[in-house]
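Computed from a predicted structure; not experimentally measured. In the text below, chain A, chain B and the rest are named by the order of the sequence lines, each starting its count at 1.
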Amino acid sequence: MKNRLPQVPSSVRQAPFPEHRFFGRFRVERNQDCINCGTCIRMCPYGVHYRRDGWGKISRPRDWFCIGSECQMNSFFCVNNCPVNALNVKDNPMFDSLGDYRWPPYLIVSNWKQSESGLPPVGGIESEAGISGGGFDEIFIEFPEEPDSNVSPESVDLGVSLNRRNDGRDVEISVPFYGGGMSFGSIGIPIMLARARSSAAWNTFTCTGEGGYPDQLVPYKDYIITQIATGLFGVREETIQRARVVEFKYAQGAKPGLGGHLLWDKNTPEVARMREAVAWSSLFSPFPFHSVYSVEDHKKHLDWIRSINPKALISVKVSTPTDVDMVAVGSYYAGANIIHLDGGYGGTGAAPEIAKKNIAMPIEYAIPRVHRFLRSEGIRDEVVLVASGGIRTAYDILKSIALGADAVAIGTSELVSVGCVRCGNCESGRGCPRGIATTDTDLSTLIPADWGAQRIYNLFNSWVLQMRDALSRLGLRSVRELRGRTDLLSHAEHGKGVREIE
Amino acid sequence: MLYERYHIPTTPAPPRHTVIGKFKVIRDEELCRNCGRCSEACIYGVHERKNDETRSMAEPLSHLCRNCFRCMQKCPTHALQMIMNPEYRALGDDYWEPHRLWTIWYEAENGRIPVFGAGFRGPFDGPWFDGMWTDMSEIVRPTRDGIHGREYISTAVDIGRKPPFIEFDKRGEIVSEITKVLEIQLPIIFDLLPMETFGERMTSIVSRAAAWLGALCIAPLEHADKIPTQERTNFVPVVGDRIRQADIDALKEASMVEVEYGDRFEELLSEVRMHNPEALTAARLPLNPDLPELLVGISELKIDAAHITADYWGLEKGTEQPRHLRYALREAHQSLMEQSMRDELSLIVSGGIAAAEHVPKAIILGADAVAIDRVLMIALGCRLCGSCTAPQICPVDIMQADFGWGVQRIVNVMGAWRDQLLEVMGAMGIRDVRRLRGELGRSMFSEDIEREVFAPLFEGGREE
């Protein structure tokens, strides 16, 4: 896939962290008894043990390469081979302090490995799901024991059309996912550029979020969705006119029923200029568009965009209330091309904890509900259903599509790719200490845009390989054939999936 | 009358003792070269040099650590390690989990809604309150933009009996009996009764906070002498087994009195009414399987409210297989609804209210108001270590808490909780907390939605 835009990655290239890898899952300890004989260095094929040139003493083990106690089956296991029993391998206690139920430490590390190498991770289930005890973490894809050999992975088509109204405005993405909205202010320019470049490389989209459209992104405009949210920050005619897709954000899964939050300390002068707001003041977007209190008002909104840019597809991003199916149908009749459901456990740069946890249903319930309702209304094939809110891996993407979505939007996994540890400190102070969710003049330079673009490109490459492999094993030639195929799923509690009666 | 919108004045009240942090940063003295790259990397001030010996790094200030791993990544010798703080993990119990305590401490310190980055980090769903999601409105239903008071949402509730209908005579005069109700500005009442420690200081702090907030403070009648006269209208005395002569004056000043539900209930109730016919009366009774019948029985005594007390986990008392409020309260509310008796008495619920989200959830399940207990202690820094029997070893010496500081901490928690209640109601488009009561349709229960959505999709779900 070649792309002529500036600085867009064109192939997988190794992109390790600039510093050393800071920890691994296991801890290798060497005690005082070590006689520096070098047996371990010769034995370990992973490079855990090494001696610096010219040094007599063996250096501290690079335990992030270690494969752990399962290595004891190997003849080269360092612990067994050490003549003086000076070595010990155990679980790294630091691993527990990383991650959470939805993004356990191994999921973060597996994302990093994919982002570094561009290849699917080894080690089954651990790179597929989290430990939240519900939703995607309890749903699995059922592969046939004898895979269909007629479909080669390379031939599987992952493309999805974003317009199904047959009005000639074709917008197709080559992978069944695009980047969700992240505003300038919540993240800085380098990360926005990294997202835009990797999206351009894979012929998909990323989204501006509600903080305006920085000029640096304009070269990649064909791959950027302009978002219009309730704060209307930085919304101008030209930002709508240059977009192939315009997204209306009615609600966000992490804070359904609340507007965007940008706390005062992240509203730096540059951000404020872009948002046409006063610097260093908290920006809480209103929850509703005060111009929309009914489906009729909603239609006027969409008509407004259509009159400014008749070519653009319109996406309506909503969250998941009890009547999410009615909202979806209403949006369809108002003229939306894409209905984007953001589930209650979605990502955010700042949201009240009470809203993240308690308001609106998780996406795993909303997808089949809306899919079913749109079908019973006879309009399922005229609208594109995009799901987001807690989609972390290639497998989550496939599960969402099998539950009834056409495509998904992702966000957090891109940030994890460039080094997010999900510490959750994006919202205030100088922002992200790792240089991701920040516009602080020092911190936002920590991650170069090119390196970030390569990391995200690599992650997407790995996902594409995983999805092609999975679909070919399922005997599907295209990701579009997977939609609604709940018979290819199973649920840990409810058993094998069945095909819903059409 | 000048219109004054209810507002809770919060102001920062830092903890008196270092808060137990989630993480512990460990520096390996042997490996550390004191190069200081960790202190360059850390934006939270965890790594500082020693004051007296600036060539060496000081012990990391772990309580400031926010888990970003940057110092570890920058350290050239891998001398730094981070673990979950075992002290943090040991806090509280399975219901009063460490993060609940931590959240209340945060609210007490800042008086603000806890806002953080990154999506939800917890389990998919959980038992009891954690298996409920509240609703939101968009496009097809209007919303309220309640945050920061941009659109007004009322959090006031009326405690008391309400007539089911009003009758007029031919001249248009009201002939129905008009009952008295007590309007409180927050659906949250302070309950001092279940607290292990019950020092005088605690009573005076909670009582002052209640008076300041226009809330109510429930305490035993015998403690009335510890409550200043000007706060007596916010004081709800609980009558246990008898009324002492010395306490009759206090009883007369109260606007509401609770009577423990027991053998002498009716006797004590009429005694209370004799001393203070104006006061509202409430029965205080434990959450138990017979609740629906009991409520019908006591409402015949024209009682104004029932205060239902669950245990600290929100569970029923005195039964082998206790149910949580989520089931028992819902059942009691619905049984009153079915008998068209729901407005005959208000339901106040306490026990297991451990977080801001529990307030709207309990109200959705059928409560008019909730009462909080342990939260008041935690606001003052309590770590639920259980050493209250020997107050001298209390790690945060609550008994010595500064009076003004203590009041502010409780006011801060209530300010944060009220704002969170406004957010939850604004998201639903409900503008009055009185209208949230029993709105089960504005909630999603995990088992219902799991069945509804997944039953047609998976074999196992179909059998039911």
**Asked** Contact part of Leu31(B) toward chain A, heavy-atom cut-off under 4.5 Å: side chain, backbone, both or neither?
**Response** side chain
**Request:** Check whether any side-chain heavy atom of Val140(B) sits under 4.5 Å from a side-chain heavy atom of Ser294(A), and report yes or no.
**Result:** no
**Prompt:** Please walk me through it: do Trp103(A) and Arg121(B) pass side-chain contact (heavy atoms from CB on, under 4.5 Å)?
**Reply:** CA-CA 8 Å; Trp103(A) 278 89; Arg121(B) 318 163 73 81; over 6 Å; no
**Fill in**
To the nearest 0.5 Å, atom SG of Cys423(A) lies from atom NZ of Lys22(B) at 11.0 Å
**Cationic N near anionic O, under 4.0 Å, Lys255(A) to Glu423(B)** = no
**Asked** Can you check whether Phe120(B) reaches Tyr101(A) side chain to side chain, under 4.5 Å on heavy atoms?
**Response** no
**Message:** Quick check on Leu258(A) against chain B: is it the side chain, the backbone, both or neither that has a heavy atom closer than 4.5 Å?
**Reply:** side chain
**Asked** Which region of Thr412(A), side chain (C-beta onward) or backbone (N, CA, C, O), has a non-hydrogen atom less than 4.5 Å from a non-hydrogen atom of chain B, or is it both or neither?
**Response** neither
**Item:** Residue Arg422(A) versus chain B: region with a heavy atom under 4.5 Å
**Value:** both
**Item:** Per-residue contact mode, Ile139(A) against chain B (heavy atom under 4.5 angstrom)
**Value:** side chain
**Message:** Just so I understand: if I count every heavy-atom pair under 4.5 Å between each of Leu489(A), Thr230(A), Val318(A) and chain B, which residue has the most?
**Reply:** Val318(A)
**Under 4.5 Å from a heavy atom of chain A, the part of Lys24(B) involved** = neither
**Message:** Quick one, Arg372(A) and Pro456(B) - any side-chain contact, counting heavy atoms below 4.5 Å?
**Reply:** yes
**Request:** Tell me, with the steps shown, if Glu493(A) and Phe454(B) meet side-chain contact (heavy atoms from CB on, under 4.5 Å).
**Result:** CA-CA 10 Å; Glu493(A) 195 182 323; Phe454(B) 287 156; over 6 Å; no
**Item:** Intermediate values then yes/no, side-chain contact (heavy atoms from CB on, under 4.5 Å), Glu357(B) and Glu353(A)
**Value:** CA-CA 10 Å; Glu357(B) 74 226 37; Glu353(A) 291 294 308; over 6 Å; no
**Asked** Rounded to the nearest 0.5 Å, how far does CH2 of Trp133(B) lie from CE of Met361(A)?
**Response** 9.0 Å
**Request:** Give a yes or no on whether Arg431(B) atom CZ has more than 12 heavy-atom contacts from other residues, nucleotides or ligands under 6.0 Å away.
**Result:** no
**Item:** Residue Met326(A) excluded, over 12 heavy atoms near CE under 6.0 Å
**Value:** no
**Message:** If we ignore hydrogens and angles and just use 3.5 Å, is the side chain of Arg66(B) paired with the main-chain N or O of Pro433(A) as donor and acceptor?
**Reply:** no
**Item:** Contact origin within Leu415(A) toward chain B - heavy atom pairs under 4.5 Å
**Value:** neither
**Prompt:** Where does Phe116(B) contact chain A at under 4.5 Å (heavy atoms): side chain, backbone, both or neither?
**Reply:** both
**Asked** Tell me, side chain or backbone of Tyr44(B) under 4.5 Å from chain A's heavy atoms, or both, or neither?
**Response** side chain
**Asked** Taking atom CZ of Arg60(A) as the centre, does the number of heavy atoms from other residues, nucleotides or ligands within less than 6.0 Å exceed 12?
**Response** yes
**Item:** Contact class of Val324(A) relative to chain B, heavy atoms under 4.5 angstrom
**Value:** neither
**Request:** To the nearest 0.5 angstrom, please state how far the NZ atom of Lys357(A) sits from the CE atom of Met132(B).
**Result:** 11.5 Å
**Asked** By a 4.5 Å heavy-atom criterion (distance strictly below it), what part of His298(A) contacts chain B: side chain, backbone, both, or neither?
**Response** side chain
**Any side-chain heavy-atom pair of Asp96(A) and Arg89(B) under 4.5 Å** = yes
**Prompt:** Below 4.5 Å, heavy atoms only, C-beta onward: do Glu138(B) and Pro288(A) meet side chain to side chain?
**Reply:** no
**Item:** Heavy-atom neighbours of Glu447(B) CD exceed 12 at 6.0 Å
**Value:** yes
**Side chain, backbone, both or neither of Glu452(B) within contact of chain A (heavy atoms, under 4.5 Å)** = both
**Item:** Nearest atoms (heavy-atom pairs only) where Ala118(B) meets Cys426(A)
**Value:** N-SG, 3.7 Å
**Request:** Give a yes or no on whether the ring-centroid distance for Phe95(A) and Phe69(B) is below 6.0 angstrom.
**Result:** no
**Asked** Looking at Glu138(A), His290(A), Glu296(A), which has the largest count of heavy-atom pairs under 4.5 Å with chain B?
**Response** His290(A)
**Closest non-hydrogen atom pair, Val421(A) against Cys68(B)** = CG2-O, 3.7 Å
**Asked** Hey, are Thr134(B) and Asn358(A) close enough side-chain-wise for a donor-acceptor pair under 3.5 Å?
**Response** no
**Message:** Do Glu459(B) and His494(A) have side chains that approach each other closer than 4.5 Å (heavy atoms only, starting at C-beta)?
**Reply:** no
**Asked** Who among Gly253(A), Gly99(A), Ala254(A), Pro368(A) has the most heavy-atom pairs with chain B under 4.5 Å?
**Response** Pro368(A)
**Atom group of Met444(B) that falls short of 4.5 Å from chain A, counting heavy atoms** = side chain
**Check: Asp100(A) side chain, Gly122(B) main-chain N or O, donor-acceptor pair, under 3.5 Å** = no
**Item:** Polar side chain donor-acceptor pair, Glu450(B) to Tyr365(A), under 3.5 angstrom
**Value:** yes
**Item:** Distance in Å, Ile83(B) CD1 paired with Asn92(A) CG, rounded so as to fall on 0.5 Å steps
**Value:** 10.5 Å
**Item:** Interatomic distance, Met136(B) atom CE to Asp323(A) atom CG [nearest 0.5 angstrom]
**Value:** 9.5 Å
**Asked** If you tally heavy-atom pairs under 4.5 Å against chain B, which of Ala355(A), Ala334(A), Ser490(A) wins?
**Response** Ser490(A)
**Flag side-chain contact, heavy atom, 4.5 Å: Pro352(A) against Ile113(B)** = yes
**Prompt:** Can you check whether Gly119(B)'s main-chain N or O pairs, donor with acceptor, with Thr348(A)'s side chain at less than 3.5 Å?
**Reply:** no
**Fill in**
ring-ring contact (aromatic ring centres under 6.0 Å, His included) filter on His63(B), not counting sequence neighbours, yields none
**Request:** Under the side-chain contact (heavy atoms from CB on, under 4.5 Å) rule, what do His491(A) and Leu457(B) come out as? Steps first, then yes or no, please.
**Result:** CA-CA 9 Å; His491(A) 190 287; Leu457(B) 303 184; over 6 Å; no
**Option in Arg442(B), Gln420(B), Met428(B) with maximal non-hydrogen atom pairs under 4.5 Å from chain A** = Gln420(B)
**Message:** Let's test your reading of the structure: which of Arg70(B), Glu151(B), Lys361(B) forms the most heavy-atom pairs below 4.5 Å with chain A?
**Reply:** Arg70(B)
**Prompt:** Is Arg112(B) paired with Glu427(A) through a side-chain N to carboxylate O contact shorter than 4.0 Å?
**Reply:** no
**Complete:** Counting heavy-atom pairs under 4.5 angstrom with chain B, the leader among Tyr293(A), Tyr345(A), Tyr250(A), Phe287(A) is Tyr345(A)
**Message:** Could you tell me if the side chain of Gln73(B) sits less than 4.5 Å from the side chain of Phe17(A), heavy atoms only?
**Reply:** yes
**Message:** Which one wins on heavy-atom pair count under 4.5 Å against chain B: Leu446(A), Leu263(A), Ile367(A)?
**Reply:** Leu446(A)
**Asked** How long is the span from the OG atom in Ser331(A) to the CD1 atom in Ile139(B), to the nearest 0.5 Å?
**Response** 4.0 Å
**Item:** Smallest separation among heavy atoms of Ser97(A) and Asn67(B), with atom names
**Value:** O-ND2, 2.9 Å
